[in-house]
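All remarks here apply to the structure that follows.
Position 1 is the first residue of the sequence; numbering continues from there. Since this is a predicted model, take the numbers as computed values, not measurements.
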Amino acid sequence: MTDASYHHRTSGAPRDGRYLPVAEHGLIGDLRSVALVGTDGTIDWYCCPAFDSPSVFGAILDAERGGSFALAAAVPGRTKQFYFPDTNVLITRFFTEDGVGEVQDFMPLDGGPGDADRHRLIRRVLCVRGTVPFEARVAPRFDYGAQPHTLRVEDDVAVFASARLTLALTATVPLEADEADVRAEFKLAEGESAVFALDRVGGDVTPRRCARTEAEEQFAATVSYWRRWLSASRYRGRWREMVHRSALTLKLLTYAPTGAIVAAPTTSLPEELGGERNWDYRYVWVRDAAFCVYALLRLGFSGEAEAFMEFVTRHITPGDGKPSGPLQIMYGIDGRTDLSESELTHLEGHRGSAPVRVGNAAADQLQLDIYGALIDSIYLYDKWAKPVSSAQWDDVCALVDWVCEHWDQPDEGVWETRGGRRNFLYSRLMCWVAIERAVRMANRRGLPADLPRWQAARDRIYRRIHSRGWSAERGAFVQHEDGDVLDAAVLMMPLAKFIAPTDPKWLSTLDALTRELVSDSLVYRYDPRASPDGLRGDEGTFSICSFWYVEALVHAGRLDEARLAFEKMLTYANHLGLYAEEISHTGEQQGNFPQAFTHLSLISAAFNLDRALG
C-alpha cells in the first residue's frame, strides 16, 4: 500500500485545510453500519460490516491516512445537500456553470437472500440539467488505516483486498488504477446517469455489477422502505419534520440483528478541538438506549422497543448466570462485554485532535443511574407496548432488590467523569426512579414484589436527596451531596416526576441553573473548573441538556420561554437537521455525530411542548 497523497478534493463545501466541519455531513445506513457523506460528495467515514468494525473510510479522523471515497463535479460550483423527503436517502447536488448534477447515496435494506452480508453502498450519479463532468477517487484504508491492501482492476470491477476484509467496487464507467486507489473521470449529459456500487465480498458473496436499472430499482425500494417505516409515526404536532428526522436518525443508529442502539456511529470526534475529550461511542449505553425506547414509543414505534427489550433480556438483565449488579453500563452491539480501550497513535485525529480511541474504558465504571433508565424503559414498554413476561418481571425484581441494597455509594455518574467517584445527585435520583417505577408496575398489574422493602428504600432516597442534595446557600439542588456545584443533570428531577415542577425548591433551582449554566438557551452540563472531572480543557454546551431545559420550562408553565429556547435550539442543527453531542462557543457542532441522546431529547421536548401549547 502506498502513502501517496489521496486526499485530493473536488469542488464543494470548503474544508478547513483538509477537513470538512463535522456538521457538514449527512448520514446513510443499512441498520448494520453507516457512512458519513460530506457536502462536497466525499464519504469520510464508513465502517464495514458493522458500526464498531474498523473503518475503511476514516478521513474524518485523519485526512492523510484514513481513506475516503470522493465523488463530485470536476468543475467549480456550489453544492446543496438534502434528504429525499421522509427517507434516509441522501442527495448531494452540484451546481456548475454548464449544468446541475447530483449524487444519490443510499444503502439498500430490502435485498435478496445473502444481500445482508454484501452491505452494498450505492452512489448513483445523475445529470439533471445541461452537462456536468464528474470525477471519483476511491481510496480505502483498511483497519483504521493500519492494514495494507492489494488492488485488482478488471474493466469496471475493482477489488480491494486486505487481510480481514475485501471490498469490490463496480461501476458503469471505466475505472483506472492509481497505485492502491481507483479513479474515474466521466461526463454526463442531461438525463444520463452513472452508478458506483461498493460491496463487501468473500465466501459466498462475489462481486456483482449494479446496472443503472438495478440502481434505479434499489433507489425506489430504499425510499419505499423508509417511508413505510416512518408512516407508523403517530406524531402530528408542531415541528413534525424535525421530529421525524430525529426518529429516522435513531432508526439508523439501530443494529438490526440484535436490536441494539448505538450512542453514535463515530469515534473520537472531539468535544473540543485540540482537546483530549475524544471517545468511542459506537456501543450500546444502557442509559442512552433506554431513553431511545421512550422516544420511539412516544411516536408509536413499538417494534424497535420490543427489539431492544429482547437485547436487554438476552444480554443485560439477570438470568443465565448474569449478576443483578452492578450492571455494566455499556455493551457491544452483539452484547459482548469486553470494550477495552486503546489509542490509535498513527492517526492525527479530526483537525489534529488526538488521541483517537477505540473501545471505551468507561465500560468498567459504576454508574448507578442506568438502573433508573433501564427500569423506566421497561415500565413504559409494559404500559404502552406489551406487558412484560413473568420471567422479565423476575429480572426487574432482582434489579430492584440490588438497587435497594447498593444505592448508597459513590459512583462515576452520568457524565462518566474520570476524576473519581462521588455521591452524585443524578445517580440517587435515578435509583429512586428504578424503585418507584417497579412499585408502579407491581401495583398496576398486581405483580408479586417485596413492596414494604422497596417503598422504604425509595423513601430513604427521597429524603436523602432533599437533605443532602439541596444547598440552602445556593438555593438549588446541586451536583453531588454536600456540595455547591450546579449540574444540568438535575433538570431531570421534574421530568422523572421526583419533584413537582412548580415546587418552590425546584423553581429556585431552575433559576439558578438559568443564571449559571444557560447561555442564550444553550445549556452547559457543569463547570469543569468548579467540578474537576479528571480531564483537561473546556467543552461546549450539551445539547441534550438544552432540550431537558426546554422540558423543565414546559413543566414549570413557562411556555413562552420554552418555545423560544426550543426554536433557538432547532437553528443549531446542521443543514439536514442532525446534531452532534455539543455546540461550541462559536456555534459549531462538536463531539460524535450524530448523537442518539440529542435526537431522543429533541423528540421528547417537542412532544411535551406541543402538547402543552395545545
Side-chain angles (χ1 to χ4, degrees), residues 29-34 47-54 116-117 119 164 200 250-267 279-294 296-297 301-342 357-378 381 385-386 388-389 391-396 398-399 402 416 434 592 595-597 600:
D30 62 357
L31 308 183
R32 285 162 176 80
S33 186
V34 300
C47 298
C48 185
F51 289 106
D52 56 356
S53 300
D117 294 329
H119 300 283
R164 289 184 289 183
R200 176 202 188 198
L250 292 181
K251 180 64 172 175
L252 272 182
L253 302 185
T254 302
Y255 184 64
T258 64
I261 302 171
V262 298
T266 56
T267 179
W279 314 113
D280 193 346
Y281 274 17
R282 298 171 299 159
Y283 307 113
V284 188
W285 266 255
V286 173
R287 173 194 311 112
D288 299 42
F291 278 129
C292 282
V293 167
Y294 163 78
L296 291 170
L297 280 173
F301 297 108
S302 57
E304 286 66 30
E306 184 169 359
F308 177 67
M309 283 300 140
E310 290 174 1
F311 180 88
V312 166
T313 301
R314 194 178 313 118
H315 299 294
I316 300 176
T317 53
D320 297 328
K322 298 192 294 291
S324 52
L327 293 180
Q328 186 158 313
I329 68 155
M330 70 178 89
Y331 296 79
I333 54 176
D334 56 358
R336 72 185 186 282
T337 56
D338 181 10
L339 304 179
S340 301
E341 184 177 299
S342 61
R357 294 183 173 97
V358 171
N360 200 308
D364 298 325
Q365 289 188 353
L366 177 66
Q367 297 178 20
L368 295 172
D369 67 282
I370 66 171
Y371 283 87
L374 179 59
I375 294 179
D376 193 38
S377 70
I378 295 172
Y381 177 75
K386 182 178 174 183
V388 297
S389 67
Q392 288 172 320
W393 178 247
D394 288 343
D395 290 343
V396 169
L399 293 172
W402 190 91
E416 300 180 352
N592 285 307
Q595 202 210 24
F597 228 168
L600 66 92

Atom [atom1] of [X] and atom [atom2] of [Y]: how far apart are they, to the nearest 0.5 Å?
| X | Y | atom1 | atom2 | answer |
| --- | --- | --- | --- | --- |
| Leu327 | Gln367 | CG | CD | 11.5 Å |
| Asp280 | Leu339 | CG | CG | 8.5 Å |
| His315 | Arg336 | NE2 | CZ | 11.0 Å |
| Gln328 | Leu366 | CD | CG | 12.0 Å |
| Asp288 | Leu253 | CG | CG | 10.5 Å |
| Asp395 | Ile375 | CG | CD1 | 10.0 Å |

Can you confirm whether [X] sits close enough to [Y] that some side-chain heavy atom of one is under 4.5 Å from a side-chain heavy atom of the other?
| X | Y | result |
| --- | --- | --- |
| Gln392 | Thr317 | no |
| Val262 | Tyr255 | no |
| Val286 | Ile329 | no |
| Ile378 | Val396 | yes |
| Pro49 | Asp117 | no |
| Tyr331 | Phe311 | yes |
| Glu341 | Asn360 | yes |
| Leu250 | Ile261 | no |

Any donor and acceptor pair, going by atom type alone, linking the side chain of [X] with main-chain N or O of [Y] inside 3.5 Å?
| X | Y | value |
| --- | --- | --- |
| Glu310 | Gly259 | no |
| Asp30 | Ser33 | yes |
| Arg282 | Val358 | no |
| Thr258 | Ile333 | yes |
| Tyr283 | Gly359 | yes |

[X] versus [Y], closest heavy-atom pair with distance:
| X | Y | value |
| --- | --- | --- |
| Cys292 | Leu600 | SG-CD2, 3.4 Å |
| Met330 | Ala363 | CE-N, 3.6 Å |
| Val284 | Gly332 | CG2-O, 3.9 Å |

Hey, can you tell me if Trp402 and Tyr371 have their rings parallel, tilted or perpendicular (30° and 60° cut-offs)?
->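 Judged by the thresholds at 30° and 60°, the geometry between Trp402 and Tyr371 is parallel.
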List in chain and number order the residues that pass side chain to side chain contact (heavy atoms under 4.5 Å, CB included) with Asn592, two or more places apart in sequence or in another chain; answer none if no residue qualifies.
->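 Side chain to side chain contact (heavy atoms under 4.5 Å, CB included) check on Asn592 returns Ala264, Thr266, Leu269, Tyr281.
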Evaluate side chain to side chain contact (heavy atoms under 4.5 Å, CB included) for Phe308 paired with Thr254, printing each intermediate quantity in order.
-> CA-CA 9 Å; Phe308 177 67; Thr254 302; over 6 Å; no
Would you check, one step at a time, whether the test side-chain hydrogen bond (donor to acceptor under 3.5 Å, both in side chains) holds for Trp285 with Glu416?
-> CA-CA 12 Å; Trp285 266 255; Glu416 300 180 352; 2.4 Å; yes
